[in-house]
Amino acid sequence: MQQKYRFVGTELAVGDRVLKKLGEVILLTPEQRKEIGINRPLVHDSLFSKIGFTDQELSLYGYSGQRHNAPEPFLTKLKAAWQLIGEEPTPLRQEGK
């Protein structure tokens, strides 16, 4: 059975699909998720929802290049998402470089 995951990185190729936008949805079976790797920038939808990104934030700052002047509340949520996958954001990653 497929489960819903949300993308929280800058870019990730999954099969013939390339994820680039924060919050992008991908459906995966447990086997597919395991093949991709546990430390990849994918968060289960239930955890992503708890972080509290708004639709407006995802629209304004969804792509890594849009985050240069993002407000602190958004960056705090982004950091929480990255912590879920075991990574800490750096200034360069926040700016998408």
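Remember, predicted model here, so these are calculated numbers, not experimental data.
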How about [X] and [Y]: do any of their side-chain heavy atoms sit closer than 4.5 Å?
X	Y	result
Leu78	Val8	no
Phe7	Leu42	yes
Pro41	Trp82	no
His44	Arg33	no
Thr76	Glu72	yes

Sequence neighbours excluded, every pair satisfying salt bridge (charged side-chain N to carboxylate O under 4.0 Å, His left out) that has a member inside residues 46-66: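 For residues 46-66, and leaving out neighbouring residues, the salt bridge (charged side-chain N to carboxylate O under 4.0 Å, His left out) pairs sorted by first residue read Glu57-Lys77.
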
Give the C-alpha distance, both sets of side-chain angles, the deciding distance and a yes or no for side chain to side chain contact (heavy atoms under 4.5 Å, CB included) between Leu12 and Val18. CA-CA 6 Å; Leu12 177 66; Val18 179; over 6 Å; no

Carefully, step by step, assess Arg17 and Glu24 under the rule side chain to side chain contact (heavy atoms under 4.5 Å, CB included). CA-CA 11 Å; Arg17 185 167 171 200; Glu24 232 178 311; 3.5 Å; yes

Under 3.5 Å: donor-acceptor pair, side chain of Arg6, backbone of Leu47: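 No, Arg6 side chain to Leu47 backbone: no donor-acceptor pair under 3.5 Å.
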
Tell me whether Lys21 is salt-bridged to Glu11, with the criterion being a basic N under 4.0 Å from an acidic carboxylate O.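 No, no charged N to carboxylate O under 4.0 Å.
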
Within 45° of the ring axis of Phe74 and under 6.0 Å from its six-membered ring centre, is that where the NZ or CZ of Arg67 lies?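 No, a cation-pi geometry is absent between Arg67 and Phe74.
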
Closest heavy-atom contact between Val43 and Phe48?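 So the minimum-distance heavy-atom pair works out to CG1-N, 3.7 Å.
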
